[in-house]
Participant: 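Handing you this structure, nothing more for now.
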Amino acid sequence: MAVTDEAITKIKEMLVSGQLKAGDRLPPENELSDQLGLSRSSLREAVKALELIRVLDVRRGDGTYVTSLEPGLLTETMGFMVEIHQETSAPELLEVRRILEPGAAAHAAGRMDARAVAALRSCLDDADPQGTALELAAHDFAFHSHIGRASGNPYLAGLLDSLTGSALRLRTWQRITEAGAAASVLEEHAAILEALTLGDAELVRSLMTVHVASAERWLRRTPAPRTVPAVPVSLPATVPVQQEQQVQPAPAPEATPEPTPAQTQAPVQPQIARIAREPALYELFAMPSTPGQKAARKPRRPA
């Protein structure tokens, strides 16, 4: 074992045994190095490493302290790792989120009080479907973070916050806004909020599973090609005119113009509809989320 690793292990043992607690100030460097039987240089390296993972807080001119050791603080290291690996490991990271987040949302369904529901509703009301990808990505993080904290498990909430890096989330919303589907994705958020308000844990679990899978599909989507406007070609000022009169052919009958791709393309559907293609599943997931939508929706006639 390297000397620095040994120093880290000994400080960790002091934390685990309770010899050091959250907020405690470490002994002076010379005293601690003698106590642990380590050189001062190896101790400094260990302190630097533990500062990076937010276990220790070095305050210049004051000393070194143990941080609060709160789960959200310690999982910031996971967020750092995600930011580094997001380009190569995006599918794996979203798979982990798809496994964990529906369970966290189901826990939140039975634990959200009126204040948590109001905060989540305010977050959704502030979201603008016409906003930029950056603005919508910020809303998306806040919305999911509210649900994670409402689960009542700070370790799970901190882990979920760190699982989707900021660049990864932004790239997903760039795909969504390019397709003009921001309103559809926000409708998925509204459906999740409604299920949370009803306290229906299993419906929340189902909706969140489809929603996170939808985000994964958007991330895998090929970016829309950028069209370059055609540059008009200007003719020379003088164009030679033929003197001979030529017989003009009879005009051909007007052909019916071919429909453009924009005319034949189906309207953008909610992502829930793309994933849950079975009618029964779509009826379950595409539930109306506002009183106006409920009034507009007609009951299906029995076959």
Participant: Flag yes if more than 12 heavy atoms outside His107 fall under 6.0 Å of its NE2 atom; otherwise flag no.
Facilitator: no
Participant: Indicate yes or no for a side-chain donor-acceptor contact from Lys21 to the backbone of Gly18 under 3.5 Å, with no hydrogens or angles considered.
Facilitator: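 Side chain of Lys21 to backbone of Gly18: a pair is present.
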Participant: What orientation do His211 and His189 show, parallel under 30°, tilted 30 to 60°, or perpendicular over 60°?
Facilitator: perpendicular
Participant: With side chains defined as the heavy atoms from C-beta onward, is the minimum distance between Glu29 and Leu43 less than 4.5 Å?
Facilitator: yes
Participant: Mark yes or no for whether Thr67, through its side chain, and Leu56, through its backbone, hold a donor-acceptor pair below 3.5 Å.
Facilitator: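 Flag not set: sc Thr67 to bb Leu56 has no pair under 3.5 Å.
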Participant: Kindly say whether Leu193 contributes a backbone atom to a donor-acceptor pair with the side chain of Thr197 at under 3.5 angstrom?
Facilitator: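 A pair under 3.5 Å: yes.
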Participant: Report the distance from atom NZ of Lys10 to atom CG of Leu32, rounding to the nearest 0.5 Å.
Facilitator: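 So the gap between those two atoms works out to 10.5 Å.
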Participant: Which atoms form the tightest heavy-atom contact between Ser68 and Ala22, and what is the distance?
Facilitator: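 Between these two residues, the closest heavy atoms are O-CB, 3.6 Å.
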Participant: Taking atom CZ of Arg115 as the centre, does the number of heavy atoms from other residues, nucleotides or ligands within less than 6.0 Å exceed 12?
Facilitator: no
Participant: Just by distance, do the side chain of Ser151 and the backbone of Ile147 share a donor-acceptor pair under 3.5 Å?
Facilitator: no
Participant: Report the distance from atom CG of Leu136 to atom CD of Gln130, rounding to the nearest 0.5 Å.
Facilitator: 9.5 Å
Participant: Under 6.0 Å from the CZ atom of Arg121, do we count more than 12 heavy atoms belonging to anything else shown?
Facilitator: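 No - once you tally the heavy atoms of other residues, nucleotides and ligands closer than 6.0 Å, there are 12 at most.
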Participant: Considering only NZ, NE, NH1 and NH2 on the basic side and carboxylate oxygens on the acidic side, decide whether Glu202 and Arg205 come within less than 4.0 Å.
Facilitator: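 Between Arg205 and Glu202 there is a salt bridge, with a charged N closer than 4.0 Å to a carboxylate O.
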